[in-house]
Amino acid sequence: MPSYVVVGSQWGDEGKGKIVDVLGEKADMVVRFQGGNNAGHTVVVNGKKTVLHLLPSGALHPNAKCIIGPGVVIDPFVFLQEIDALESQGFDSSHILISDCAHLIMPYHIKLDMLQEERLANNKIGTTKRGIGPCYADKYTRIGLRVGDLIDFETFKKRLASTLAIKNEQITKLYREEPFDYDKLVEQFKEIREKLYDRIIDSVTVVNEALDSNQHVLFEGAQAAMLDINYGTYPYVTSSSPTSAGVCEGAGVSPHKLDKIIGVVKAYSTRVGEGPFITELNDENGAKLRKIGNEYGATTGRPRRCGWLDLCVVKRAAVINGLTDLVITKIDVLDSFEKIPVCIAYEINGKRTTAIPSSLEEYAKAKPIYEMMDGWCEDITSIRCYDDLPENCKKFLAKIEEFTKTKISLVSVGPDRENNIVIHEI
Ligand code: GDP
Ligand code: IMO
Ligand code: MG
């Protein structure tokens with residue numbers, strides 16, 4: 001029952017898409033369990049780049065069944081666009097299925113995401129404006145619409161009428177904007193129903209049967225530990241649980257059935273949107289990381305904030321997720337740096353700590369304590385064997401292992417599917 005979970009260990013964009021694609025080679029099934037099209041997962045095969053937002057990054061492997069699980073929020077318009085894009089590139093899409101329990105991101109969720117951000121002004125979260133927060137909010141206040149509701153369209157229409165009345169009141173009375181038209185939504189979703197119908201499944205049964213029959217199942221996390229609704233830098237977080245626990249909740253799988261929990265760690269840090277970022281660099285080194293690492297959002301195109309590796313953050317991800325393996329990505333981006341500072345603790349109010357305080361006011365006071373590592377100053381992108389790595393690069397990797405008490409199993413030295421150094425077989 002080999003089941004692998006891939007999660008982000010920082011603030012997202014660690015290269016999870018690439019790693020899921022690499023591990024997807026052996027997978028019978030790839031399952032997304034949380035988030036929605038706020039994700040932007042890049043897969044590069046023979047130099048050709050594909051960015052997936054909602055479809056699992058196993059989509060390019062026709063033999064892996066791809067499932068969008070119950071914990072995901074689905075914008076059906078985006079889903080269908082991605083399917084079309086995949087098919088127009090010559091890929092088959094019949095292996096891509098969606099859970100009947102997943103919630104639908106409705107056009108009014110996107111509108112409300114934008115309106116709330118505008119209203120928050122200087123306190124805005126910096127969301128991707130894809131309707132994620134408002135959709136999860138409706139789920140938890142129990143007025144959401146699920147994919148399975150589309151099956152019996154009369155039921156869908158009734159639920160929509162009831163929810164839309166509330167949403168339109170918010171939109172017109174609180175924000176003084178135009179209401180959404182019920183009949184138009186009904187027409188749009190009638191068409192969507194036709195297009196989604198054959199892909200709607202009871203994914204909990206399908207995924208558990210696959211695990212019980214020893215199939216190789218890969219769970220693909222979106223976002224990352226520091227964006228977790230419970231453990232991230234709240235309120236500057238997303239609205240789901242992008243951790244290994246999120247797999248149990250969002251895919252309907254017991255914790256007993258999770259074998260390996262793989263944390264993807266970028267060799268430095270980036271963050272998109274607002275919120276504290278202790279090792280952020282607003283200098284030429286930050287600009288250099290952004291330029292070499294091409295750090296621009298795969299979903300919104302926003303320049304990503306860049307900084308040095310923060311091991312306190314990675315350690316926390318290791319603990320919360322119970323990471324069994326680390327994958328280090330984008331280490332090649334550090335090739336030309338003579339000195340590479342790595343944050344190993346914070347100083348907060350004169351005290352040294354490695355803990356991340358829940359109070360953002362406290363956390364904002366943290367000053368990074370760096371250990372200065374020597375760079376390797378050579379191009380490592382063509383290296384495929386650990387022994388061939390420069391000594392200083394090995395020392396950098398060893399520091400991460402020592403601090404997080406977690407073994408590094410794979411090192412990624414370039415965006416392509418082939419640019420990897422395997423240390424331990426995953
Ligand atoms: P995700 O959201 O975690 O899947 O990551 P993104 O796709 O948003 O961002 C990662 C970016 O880094 C993408 O452009 C990848 O093609 C690229 N990438 C992934 N791994 C490596 C690597 O090892 N080296 C370099 N230079 N780029 C990488
Ligand atoms: P992947 O899967 C990086 C960030 C947004 C914002 C916050 C809340 O590609 O790593 P939301 O739209 O979710 O309500 O926004 O979370 N965010 C991400 N940052 N990578 C992502 O996904 C992200 N998904 C959301 O920028 O700060
Ligand atoms: Mg991304």
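Ligands are counted one by one from 1 in listed order, and the atoms in each one are counted from 1 as well.
- Shown here are the protein N/O/S atoms lying under 2.8 Å from the Mg ion (ligand 3), water excluded: Asp13 OD1, Gly40 O.
- The single protein non-hydrogen atom nearest to atom 15 (O) of ligand 2 is Thr127 CA, 3.3 Å, given as residue, atom name and distance.
- In this structure, the side chain of Lys65 does not engage the main chain of Val30 through any donor-acceptor pair within 3.5 Å.
- Polar contact with ligand 2: absent for Glu14 (N/O pair, distance under 3.5 Å).
- Listed by chain and number, the residues in a side chain to side chain donor-acceptor pair (under 3.5 Å) with Asn208 are Lys257 (sequence neighbours excluded).
- Annotation: side chain to side chain donor-acceptor pair (under 3.5 Å) contacts of Lys315 (sequence neighbours excluded): none.
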(request) Any chance you could lay out the side chain to side chain contact (heavy atoms under 4.5 Å, CB included) test for Glu220 and His41, step after step, and finish with the verdict? (result) CA-CA 10 Å; Glu220 173 180 0; His41 293 179; 2.6 Å; yes
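- In terms of modelled atom types and a separation under 3.5 Å, the side chain of Ser244 and the main chain of Asn321 share a donor-acceptor contact.
- Under a 4.0 Å heavy-atom criterion, Arg130 is not in contact with ligand 2.
- Residue Asn38 places at least one N or O, backbone or side chain, under 3.5 Å from an N or O of ligand 2.
- Atom 6 (P) of ligand 1 has its nearest heavy-atom neighbour, among Ser57, Gly40, Gly297, in Gly40.
- Judged by distance alone, with hydrogens and angles left aside, the side-chain atoms of Asp283 form a donor-acceptor pair with the main-chain N or O of Gly286 at under 3.5 Å.
- For Trp11, every heavy-atom contact with ligand 2 shorter than 4.0 Å involves the backbone, none the side chain.
- Residue, atom and distance of the protein heavy atom nearest to atom 23 (C) of ligand 2 are Gln223 CG, 3.7 Å.
- Distances between N or O atoms of Val44 and those of ligand 1 include no value under 3.5 Å.
- Scanning the protein for heavy atoms near atom 18 (C) of ligand 2, the closest one is Leu227 CD1, 3.6 Å.
- Contact atoms of ligand 1 toward Glu14: 3 (O), 5 (O) (distance under 4.0 Å to a heavy atom of the residue).
- For ligand 2, the atoms closer than 4.0 angstrom to any heavy atom of Gly126 are 5 (C), 6 (C), 26 (O), 27 (O).
- Ligand 2 places these atoms under 4.0 Å from at least one heavy atom of Ala39: 1 (P), 2 (O), 9 (O), 22 (O).
- The distance from ligand 1 to the heavy atoms of His41 drops below 4.0 Å at these ligand atoms: 1 (P), 2 (O), 4 (O), 7 (O).
- Proximity of Lys16 to ligand 2, defined as any heavy-atom pair under 4.0 Å, is confined to the side chain (atoms from C-beta onward).
- The ligand atoms of ligand 2 that sit less than 4.0 angstrom from a heavy atom of Asp13 are 1 (P), 3 (C), 9 (O), 10 (O), 20 (N).
- No cation-pi contact links Lys367 to Tyr346, judged by a cut-off of 6.0 Å to the six-membered ring centre and 45° from its axis.
- Taking both residues in full, the closest heavy atoms of Glu117 and Gly126 are given as OE1-N, 2.7 Å, listed atom of the first, atom of the second, then distance.
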(message) I'd like to know whether Arg271 forms a side chain to side chain donor-acceptor pair (under 3.5 Å) with Thr233, so could you lay out the CA-CA distance, the side-chain angles of the two residues, the decisive distance to 0.1 Å, and finally the verdict.
(response) CA-CA 12 Å; Arg271 176 164 202 166; Thr233 49; 3.1 Å; yes
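- Applying the salt bridge (Lys or Arg N to Asp or Glu O under 4.0 Å) test to residues at least two apart or on different chains, the pairs with a partner in residues 410-426 are Asp21-Arg417.
- At least one heavy atom of Gly40 sits less than 4.0 Å from an atom of ligand 2.
- Taking every non-hydrogen atom of Val237 and a distance limit under 4.0 Å, the qualifying atoms of ligand 2 come out as 7 (C), 8 (C).
- Heavy-atom proximity to Ser412, at under 4.0 Å, picks out these atoms of ligand 1: 20 (N), 21 (C), 22 (C), 23 (O).
- For atom 11 (C) of ligand 1, the closest non-hydrogen atom of the protein is Lys330 NZ, 3.6 Å.
- Residue contact check for ligand 1: Asn294 places no non-hydrogen atom closer than 4.0 Å to it.
- Residue-ligand proximity, Gly17 to ligand 1, at heavy-atom distances under 4.0 Å covers atoms 4 (O).
- Closest to atom 27 (O) of ligand 2, if we only count protein heavy atoms, is Val272 O, 3.0 Å.
- At least one N/O-N/O distance between Asp13 and ligand 1 falls below 3.5 Å.
- Against a heavy-atom cut-off of under 4.0 Å, Ala222 is close to the following atoms of ligand 2: 2 (O).
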(message) Show, in sequence, the C-alpha distance, side-chain angles and deciding distance for Asp149 and Arg159, and conclude whether the salt bridge (Lys or Arg N to Asp or Glu O under 4.0 Å) test is met.
(response) CA-CA 8 Å; Asp149 292 333; Arg159 286 197 206 284; 3.3 Å; yes
(request) Could you go through the side chain to side chain donor-acceptor pair (under 3.5 Å) check for Lys167 and Thr163 one step at a time? (result) CA-CA 6 Å; Lys167 297 286 121 182; Thr163 297; over 6 Å; no
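- Here is the list of ligand 1 atoms found below 4.0 Å of a heavy atom in Lys18: 20 (N).
- Nearest non-hydrogen protein atom to atom 13 (O) of ligand 2 is Thr238 OG1, 2.6 Å.
- Look at Arg302 and you'll find a heavy atom under 4.0 Å from some atom of ligand 2.
- Of the protein's non-hydrogen atoms, Asp332 OD1, 2.8 Å is the one closest to atom 24 (N) of ligand 1.
- The shortest contact between atom 2 (O) of ligand 2 and any protein heavy atom is with His41 NE2, 2.7 Å.
- Taking the centre of each ring, Phe189 and Phe156 come in below the 6.0 Å mark.
- Near Gly273, the atoms of ligand 2 lying under 4.0 angstrom from a non-hydrogen atom of the residue are 27 (O).
- The aromatic ring centres of Tyr236 and Trp11 sit 6.0 Å or more apart.
- Of all protein heavy atoms, the one lying nearest to atom 12 (O) of ligand 2 is Thr128 OG1, 2.5 Å.
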